[in-house]
Amino acid sequence: MKVSRTVAAEHRRVMLEQSGRLLRRHGIEGVSIAGVARAAGLTHGAFYGHFASKTALVAEAAKTSLFLSARRWHALTKWRRSEGEEGLAALIAYYLREAHRDIPEIGCTLASLGPEMSRAEPALAEALQKGTAALLMVLAGEIGMLHPGLAAAARQGRALAVLSAMTGGLVLARALAGDGAASRAALESAAVVARAAADIVSPFG
């Protein structure tokens, strides 16, 4: 029986949402088409009505997740500014928290899947690049608010440094999760470096 466009769009949305969650938790090799369909409450055959292959699904799920993260980052910084806080500092603190370290399925696709996707097929690397560009755009915008006179190239350079500290710190904290003190120190140190890169505070000072 043919489903309506509205129902089909909802099926696609749920598949992208569930596949993103599973991919961040288990990695690309740890997720199957059958597993995604099951998590979405759909049949295996329904999957192919939306995606030609697992690679196509992973590419779209990752890009969609990163675009959603960019929108959430923008909303978070805007809200925190309305509460009298510095938006970018609040975002860095939110990102580099223990809950984010411990529950990857609700977190950042770049930190969870970046290395795996960058080594994979060109379609995945391209999706990763586009999604990452959306995150950098938010960070560059926040840095522009902090430093209105800064040239675009300089804003982009600082955004790259901030994102590197954030994602690198999260990856390292997860790698050190067996040593609670070291893992927490990795998050805290990464936050200091990220704030310094944005010139919110001085490094380690």
Side-chain angles (χ1 to χ4, degrees), residues 9-28 31 36 39-40 57-118 124 126-147 155-156 158-174 186-188 190-195 197-198 200:
E10 177 62 10
H11 287 174
R12 186 182 183 88
R13 184 195 69 77
V14 173
M15 276 193 283
L16 287 171
E17 180 182 289
Q18 292 300 321
S19 61
R21 179 181 63 82
L22 291 169
L23 287 163
R24 288 188 294 274
R25 165 57 69 179
H26 302 293
I28 296 172
V31 174
V36 169
L57 170 68
V58 173
E60 187 163 350
K63 184 170 67 174
T64 298
S65 174
L66 288 165
F67 284 167
L68 283 172
S69 289
R71 287 199 286 273
R72 288 170 183 149
W73 287 12
H74 178 71
L76 173 65
T77 56
K78 183 178 179 181
W79 169 55
R80 291 299 181 89
R81 273 195 302 276
S82 74
E83 297 291 314
E85 299 178 51
E86 203 296 300
L88 183 53
L91 172 60
I92 292 167
Y94 179 78
Y95 188 98
L96 289 165
R97 69 197 195 283
E98 291 183 43
H100 192 188
R101 176 198 65 192
D102 297 339
I103 316 175
E105 59 265 38
I106 67 168
C108 178
T109 294
L110 180 58
S112 296
L113 294 176
E116 193 175 1
M117 288 184 68
S118 66
L124 298 187
E126 181 182 357
L128 182 68
Q129 187 276 327
K130 289 180 178 178
T132 302
L135 300 180
L136 288 168
M137 185 178 295
V138 175
L139 295 176
E142 290 298 316
I143 289 165
M145 290 185 186
L146 281 169
H147 308 289
R155 291 197 301 270
Q156 183 71 3
R158 291 194 189 187
L160 283 165
V162 171
L163 187 59
S164 296
M166 289 166 62
T167 55
L170 183 61
V171 170
L172 182 58
R174 287 174 177 167
L187 292 173
E188 292 164 4
V192 170
V193 172
R195 290 194 300 267
I200 299 171

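Heads up: numbering here begins at 1 and tracks the sequence.
Two residues are said to be in side-chain contact when any heavy atoms from C-beta on lie closer than 4.5 Å; R174 and S112 meet this criterion. Annotation: side chain of L163 is in contact with side chain of L110 (closest heavy-atom distance under 4.5 Å). Annotation: side chain of L76 is in contact with side chain of R80 (closest heavy-atom distance under 4.5 Å).
When every heavy atom of T109 is checked against every heavy atom of R24, the shortest pair comes out as OG1-NH1, 3.3 Å. In terms of heavy-atom proximity, A190 sits nearest to A165 at CB-O, 3.5 Å. L160 and S164 make their closest contact through O-OG, 2.7 Å (heavy atoms, listed as atom of the first residue, atom of the second, distance). Taking all atoms of both residues into account, the shortest heavy-atom contact from Q156 to A140 is OE1-CB, 4.1 Å. Of all non-hydrogen atoms in R21 and A39, the two that sit nearest each other are NH2-CB, 4.1 Å. Closest heavy-atom contact between R155 and G144: CD-CA, 3.3 Å.
A search for side-chain contact (heavy atoms from CB on, under 4.5 Å) contacts involving A161 returns A197, not counting sequence neighbours. Every residue meeting the side chain to side chain donor-acceptor pair (under 3.5 Å) condition with K130, not counting sequence neighbours, appears here in chain and number order: E126. By the side-chain contact (heavy atoms from CB on, under 4.5 Å) test, E98 is found to be paired with R101, D102, R184, L187, residues two or more places apart in sequence or in another chain being considered.
With rounding to the nearest 0.5 Å, the separation of CD in E83 from NZ in K78 is 13.0 Å. The distance from the CG atom of L88 to the CZ atom of R81 is 9.0 Å, given to the nearest 0.5 Å.
With hydrogens and angles disregarded, no donor-acceptor distance shorter than 3.5 Å links the side chain of S65 to the backbone of A61. For the pair E116 (side chain) and I28 (backbone), a donor-acceptor distance under 3.5 Å is present. S118 places a side-chain N or O within 3.5 Å of a backbone atom of P115 that can act as its donor or acceptor partner. In this structure, the side chain of H100 engages the main chain of Y95 through a donor-acceptor pair within 3.5 Å. Of the possible polar contacts, one joining the H147 side chain to the A198 backbone as a donor-acceptor pair under 3.5 Å is found. In terms of modelled atom types and a separation under 3.5 Å, the side chain of R25 and the main chain of L22 share no donor-acceptor contact.
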> What do the steps show when you test L128 against L66 for side chain to side chain contact (heavy atoms under 4.5 Å, CB included), and what is the final call?
Replying inline: CA-CA 8 Å; L128 182 68; L66 288 165; 4.2 Å; yes
> side chain to side chain contact (heavy atoms under 4.5 Å, CB included) between L139 and L91: does it pass, once the steps are laid out?
Replying inline: CA-CA 9 Å; L139 295 176; L91 172 60; 3.8 Å; yes
>> The test is side chain to side chain contact (heavy atoms under 4.5 Å, CB included); show your working for L135 and S69 and say whether it passes.
In response: CA-CA 7 Å; L135 300 180; S69 289; 3.9 Å; yes
> side chain to side chain contact (heavy atoms under 4.5 Å, CB included) between L57 and L16: does it pass, once the steps are laid out?
Replying inline: CA-CA 7 Å; L57 170 68; L16 287 171; 4.2 Å; yes
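Of the listed residues (R72, E85, E86, E142), just one forms a side-chain hydrogen bond (donor to acceptor under 3.5 Å, both in side chains) with T77, and that residue is E142.
Checking T64 against R13 by side-chain atom types alone, no donor-acceptor pair falls below 3.5 Å.
A cation-pi contact links R97 to Y94, judged by a cut-off of 6.0 Å to the six-membered ring centre and 45° from its axis.
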